[in-house]
Amino acid sequence: MHWSDVMAQRLAERGQNHIVATGITPSGEFHIGHLREILTGDMIVRAAQKAGLNAELVFVVDNADPLRKVYPFLSDDYHALIGHQLGSIPAPDANGHPDWSRFENEGWSYGDHFLAPFLDALAQIGVEPKLLPNLEAYQSGKFAAATKRACDEPGAIREIIERVSGRELSEDWFPWQPLDSKGSLDGVVVTGYEYPMVHWRDAHGIEGVSDITKGEGKLPWRLDWPAKWGFNGITCEPFGKDHGAAGGSYDTGKEIARFFGHEPPTPLTYEWISLRGQGAMSSSTGNTVGPIEALELVPPEILRYLIANSKPNKAIEFDTGMGLVNLADDFERWSSRDLQEELSDSSLSRRQRVQLEDTETALALASPKVGNAVSATSVSFRHLALLAQIKTEDVEVWRSLAASHDLEEPTVELHDRLRRMRNWIASPHFPDEMRISVRKTPSEEALADLEAEHLQVINCLHKALSNQPWTNEGITAAFKAAAESSSTGMRQVYRVCYAVFMGKERGPRLAPILANCDRTEMLDLVVACSNMVERKPASG
RNA sequence: GGGCCUGUAGCUCAGUCAGGUAGAGCGUCGGACUUUUAAUCCGAUGGUCGCGGGUUCGAACCCCGUCGGGCCCGCCA
């Protein structure tokens, strides 16, 4: 059974109505790691709905969290804003300076700034969760009941956290972090409490009160989380392995939730996504691939497929190079198969059946639209990458596909893919292995593999090419002529050509590529190769 | 120190929860298409399931131990 269906089954045992929560702090650029959080939630919701449950996806925007530090993309002006809530400070402008005017005029906050593009990406990828901005929840008093409970009995909360996490809380710890005289959550000491006011003294020596029903502060994370499970009615939540560690925030959250008077959500811990060869992704180090960036390269269904087809506890290495090509081709191959048909074969072993079923589910989940299986384009990524490099005009690509793939009219998906493919090729992520490059100088290595008798072919080639117009047809004719005059087969000619022009044993059809190269340079290359091979038998 | 994940074919991984003859895809090799846009199609190859014990008629799967890899335990998905 697919992991999403396992979760749905677990939820069905729990009840009929479900709210699946995801939550992210908008402290910097979002990356595809965050996408796993949201997509995992989205896929659970789909599976639950498929199983006949009512399920909704919500996205808690943790914009009540404070700014932790001045990230590399921020100007020093942000030093003064450390500890301030992300939803109540201005967004950085193009130079990383706080954009106060936009903040004051439109209320455009730091959190909004980073959230907006992520939501755009989510829309493209077929996920439109209900947004639950946390800061606003505090300000409208949604946290008040849980907060009161915690502040009334801080000892009970302290006991849970210390026992479950094995961590000792400081003497002055209090289950509410008030905002100080400047609006920061840092360095404030609680000096007293009588509902609904928490008394405090800040780092500047100023004293004041904080109304817990008006969001004049926030709960510490380990309480914030279980509190919002309650008033939002969360029944299921996927979260990263950091929260899932023993004694981590889910463990303490479970008990605190019950203390608040509700059942914790059904959890699903998932592994992180790392960038191939570069370790875990992190907004603060800038070691990221944004969802937007990823979507410039690959269609949404491929990204969804990556998540759907990886079990949550499996770490994913995101590879924007060859890995992406293989992933996309893998997706393409599977989606062009008729799995229903294959599953009707009763001779399948249980193992084979499970494999097909899970893949079928993953493919369904890969579609940005529910119940709308992504139709196979039947054009592999490799092939499209090739065409996109050879043909500068889209029309040319379609013409070629019409001939080779019986393609009558390019579909919307194909247009889309070609557009993204061109972006990818233009980006630094495009793997060299896929890049078509014609040699400027002979490849000693490739030529060394040729037999002495091939020398003749090279000479014939030069002659033949010289006698033909420098066009696709002319060059093709020249290849044939070279085969005839050197009295060998076309296979040999191609082998020599790939060695000469690309330094490889095989490759894409050469004529159209050469036609786009400079004639003189190519003829010189042939001569240079000829010279190099000529010397070889003499010296050895 | 506490804990989680992980080890299965050359590679990426299913299969472990519900024990019943080792599964995919890629790669590799071969063939076909009277020669190819890294194509497509067909076929073949390939594994003492990390290691050692135990339970069982039967173990990749359950139990105990052990070794290796990754990671979490202020915040982070």
Going by distance alone, is a donor N or O of one side chain under 3.5 Å from an acceptor N or O of the other, for [X] and [Y]?
X	Y	value
A:His31	A:Glu293	no
A:Arg222	A:Thr252	yes
A:Tyr138	A:Asp224	yes
A:Arg68	A:Ser27	no

Point to revise | Short N-O contact, A:Glu162 and A:Arg167, less than 4.0 angstrom | key: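 No, A:Glu162 and A:Arg167 are not salt-bridged.
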Point to revise | Salt-bridge criterion met for A:Asp42 and A:Arg46 (N-O under 4.0 Å) | key: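 Salt bridge present between A:Asp42 and A:Arg46.
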Review point. Taking only side-chain nitrogens and oxygens of A:Arg333, does any of them come within less than 4.0 Å of OP1 or OP2 of B:C26?
Key: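 For A:Arg333, the contact criterion (side-chain N or O under 4.0 Å from OP1 or OP2 of B:C26) is met.
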Check your understanding: Should A:Thr25 be listed as having a side-chain N or O under 4.0 Å from OP1 or OP2 of B:A77?
Key ->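 Answer yes for this pair, as a side-chain N or O of A:Thr25 is under 4.0 Å from OP1 or OP2.
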Check your understanding: Looking at CZ of A:Arg10 and CG of A:Asp5, how far apart are the two atoms once the value is rounded to the nearest 0.5 Å?
Key ->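 Reported to 0.5 Å precision, the distance equals 12.0 Å.
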Practice item. Check each of A:Val298, A:Asp330, A:Leu365 against A:Tyr305 using the side chain to side chain contact (heavy atoms under 4.5 Å, CB included) test, and report the only one that passes. Key: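 Among the candidates, only A:Asp330 passes.
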Over how many whole Å does the gap from [X] atom [atom1] to [N] atom [atom2] extend?
X	N	atom1	atom2	answer
A:Leu363	B:G25	CG	P	14 Å
A:Leu67	B:C76	CG	P	14 Å
A:Arg222	B:C75	CZ	C1'	11 Å
A:Trp272	B:C72	CH2	C1'	8 Å
A:Glu37	B:C76	CD	P	11 Å
A:Leu35	B:C76	CG	C1'	17 Å
A:Glu332	B:C26	CD	C1'	16 Å
A:Gln177	B:C75	CD	P	11 Å

Exercise for review: Answer whether the closest heavy-atom distance between the side chains of A:His84 and A:Tyr110 falls below 4.5 Å.
Suggested key: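 Counting from C-beta outward, A:His84 and A:Tyr110 never come under 4.5 Å.
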Point to revise | Toward the 5' end of RNA chain B, by each residue's nearest nucleotide, A:Lys241 or A:Thr269 | key: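 Its nearest nucleotide lies further toward 5', so the answer is A:Thr269.
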Ring centroid separation for [X] and [Y], is it under 6.0 angstrom?
X	Y	value
A:Phe30	A:Phe114	no
A:Tyr250	A:Trp229	yes
A:Trp3	A:Tyr270	no

Which value, in whole Å, describes the distance between the [atom1] atoms of nucleotides [N] and [M]?
N	M	atom1	answer
B:G53	B:C41	P	46 Å
B:A18	B:A24	P	26 Å
B:A59	B:C42	C1'	37 Å
B:C61	B:G19	C1'	6 Å
B:C4	B:U66	P	15 Å
B:U48	B:A32	P	33 Å
B:C75	B:C67	P	32 Å
B:G65	B:G70	P	23 Å

Exercise for review: Look at the rings of A:Phe73 and A:Tyr71 and say which category their plane angle falls in: under 30° parallel, 30 to 60° tilted, over 60° perpendicular.
Suggested key: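 Judged by the thresholds at 30° and 60°, the geometry between A:Phe73 and A:Tyr71 is parallel.
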Exercise for review: Using a 3.5 Å limit on both pairing distances, list the dot-bracket string of RNA chain B from the 5' end; Watson-Crick and G-U wobble pairs count, crossing pairs take [ ], interstrand pairs take |.
Suggested key: ((((((((.[[[[.)....(..]]]].(((((.......))))).....[[[[[..)....]]]]])))))))....
Check your understanding: Which part of the nucleic acid, if any, lies within reach of A:Asn326 when heavy atoms closer than 4.0 Å are counted: base, sugar-phosphate only, or nothing?
Key ->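 Nothing, no nucleic acid heavy atom in range.
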Practice item. Would you mind classifying the nucleic acid contact of A:Gly23 as base, sugar-phosphate or nothing, using non-hydrogen atoms under 4.0 angstrom? Key: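 The answer is sugar-phosphate, as A:Gly23 gets under 4.0 Å only of primed atoms, P, OP1 or OP2.
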Review point. For nucleotides 5-23 of chain B, read 5' to 3', which letter fits each nucleotide if B means a protein heavy atom sits under 4.0 Å from the base, S means only the sugar-phosphate is that close, and - means neither?
Key: SS------SBBS---S-SB
Grab the N/O contacts between the protein and nucleotides 33-38 of chain B below 3.5 Å, and write none if there aren't any.
from: B:U35; atom 1: N3; to: A:Arg491; atom 2: N; distance (Å): 3.4
from: B:U37; atom 1: OP1; to: A:Arg509; atom 2: NH2; distance (Å): 2.8
from: B:U37; atom 1: OP2; to: A:Arg509; atom 2: NE; distance (Å): 2.5
from: B:U37; atom 1: OP2; to: A:Arg509; atom 2: NH2; distance (Å): 2.2
from: B:U37; atom 1: O4'; to: A:Arg509; atom 2: N; distance (Å): 3.1
from: B:U37; atom 1: O2'; to: A:His383; atom 2: ND1; distance (Å): 2.9
from: B:U37; atom 1: O4; to: A:Ser400; atom 2: OG; distance (Å): 3.0

Point to revise | Ring centroids of A:Phe239 and B:A77 base under 5.5 Å with planes under 30° | key: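 The base of B:A77 is not stacked with A:Phe239 (the test needs centres under 5.5 Å and planes under 30°).
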